[in-house]
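Please read the structure below before turning to the comments.
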Amino acid sequence: MLKILLLLLLFIPYIPVSADDAEEDPLGDLIEDIIRKEKDATPKAEKAEPQPQQKSEPKQKPEPKQTPAKKKSNKIIVIDPGHGGKDPGTVKGRLYEKDIVLRLAKKIRDVSKKYKGIEVRLTRDRDIFLELPERAKIANRLDGDLFISLHVNSFKDETAAGMEIYHLDNTRNEYSRKLASVENKISGDVSTLEMILIDMDLTYYIDDSISYASSMAKNINKDLAGYKIKLRDYRKGALFYVLVGARMPSLLFEIGYISNPTDRALLQNDKFLEALARALLNSIAETKLK
Ligand SMILES: [Zn+2]
């Protein structure tokens, strides 16, 4: 309830002519203004609710909308095969993360044609390099309802195995932090601006992201029971740069460990990738957001 109040307060200075417009793109017009106002704020270690705006602020005229009213009949799922081009991701022999995730992404797209109401788009469908921030931007441009970045894990201990699903979070968990720093490939701390964006995204999309992740966990456990791969965790948050800025629920999916022999065999197994694609699509079709 408190959350709803805070959200209302946030919107008060921005309510455009029609209330419908306000619902369509909650972050679009807001975010630049908030960055301007808060860019000097110190980043907080704990996640925080965004502060309500002062009601006495002069009214900001919302930008005219470029797109007509959002009346989509299909759920648009943006799949982001991680890495690509000059960035192979994690490597084992001649096996590259960038190729595995591209294969799975295409599989998801192919299988999705059998699902009514789901439309799958890819951030890349070839072996090209994309900067991390570009990926969320593509998802926003496509007006996605869910953004999933696909990755492959690796660890020095080859017994480590299994899948993990993450959502965006400013987490203090040591393992997630380490993994995030590998996938982020950026050194040092994230900037204040990024922290603000992260706080914003958290408030709006974290619950929906977890709903999708929970549904995926259920379907993976059911549909992939015949394969020797386990879902390790699906409720972890981490600070993944690639998810920052996506104006939709977003997940980062580590589909297995390239360093583990059993996982590695599955990651190259076409039937397994197809079963995984189907499990993901079943989850998306089933997920009911509050
Ligand atoms: Zn990766």
Side-chain angles (χ1 to χ4, degrees), residues 77-109 122-139 146-158 160-169 171 173-188 190 194 198 209 212-213 216 220 229 231-234 236-246 250-269 272-273 276-277 280:
I77 311 302
V78 183
I79 304 288
D80 170 47
H83 312 276
K86 64 180 182 185
D87 171 16
T90 188
V91 175
K92 180 88 184 174
R94 284 194 209 143
L95 193 58
Y96 296 165
E97 174 178 3
K98 65 174 184 176
D99 297 329
I100 298 168
V101 291
L102 181 58
R103 211 171 304 136
L104 175 61
K106 285 181 174 171
K107 201 65 100 183
I108 297 170
R109 188 176 59 184
L122 310 186
T123 55
R124 67 173 180 98
D125 58 4
R126 288 160 292 146
D127 186 17
I128 50 162
F129 177 74
L130 283 177
E131 299 282 358
L132 289 180
E134 188 53 36
R135 296 166 187 264
K137 276 186 202 154
I138 293 172
L146 173 65
F147 178 60
I148 308 176
S149 191
L150 301 174
H151 291 265
V152 172
N153 221 331
S154 177
F155 196 58
K156 53 183 185 295
D157 176 1
E158 69 168 38
M163 303 178 170
E164 284 148 15
I165 306 173
Y166 292 86
H167 57 266
L168 184 67
D169 194 0
T171 181
N173 176 283
E174 203 35 48
Y175 171 77
S176 308
R177 274 193 109 82
K178 261 188 203 146
L179 178 65
S181 76
V182 172
E183 296 292 9
N184 289 341
K185 285 219 171 142
I186 48 163
S187 54
V190 288
E194 282 152 13
I198 288 160
S209 302
Y212 278 114
M216 283 174 194
I220 284 169
I229 190 159
L231 181 70
R232 289 161 66 99
D233 209 337
Y234 65 95
K236 278 189 192 160
L239 194 50
F240 289 113
Y241 195 44
V242 65
L243 303 182
V244 172
S250 55
L251 298 171
L252 187 137
F253 193 175
E254 295 277 357
I255 59 176
Y257 280 72
I258 206 170
S259 44
N260 174 268
T262 314
D263 279 15
R264 192 161 62 242
L266 286 175
L267 295 174
Q268 300 170 84
N269 176 335
F272 169 75
L273 293 181
L276 176 54
L280 292 179

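Each ligand, and each atom within it, is numbered from 1 in the order the structure gives.
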Stepwise side chain to side chain contact (heavy atoms under 4.5 Å, CB included) test for R232 and Y257:
CA-CA 11 Å; R232 289 161 66 99; Y257 280 72; 3.8 Å; yes
Check step by step if side chain to side chain contact (heavy atoms under 4.5 Å, CB included) holds for L251 and F253.
CA-CA 6 Å; L251 298 171; F253 193 175; 5.8 Å; no
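- Around the Zn ion (ligand 1), the protein contributes the following N, O or S atoms at distances under 2.8 Å: H83 NE2, E97 OE2, H151 ND1, E183 OE1, E183 OE2.
- The side-chain heavy atoms of I148 and Y212, taken from C-beta on, include no pair separated by under 4.5 Å.
- Taking CD1 from I255 and CD1 from I165, the interatomic distance works out to 11.5 Å, rounded to the nearest 0.5 Å.
- Residues forming a salt bridge (Lys or Arg N to Asp or Glu O under 4.0 Å) with K107 (at least two apart in sequence, or on another chain): D270.
- Within the 4.5 Å cutoff, side-chain heavy atoms of L252 are placed close to those of H151.
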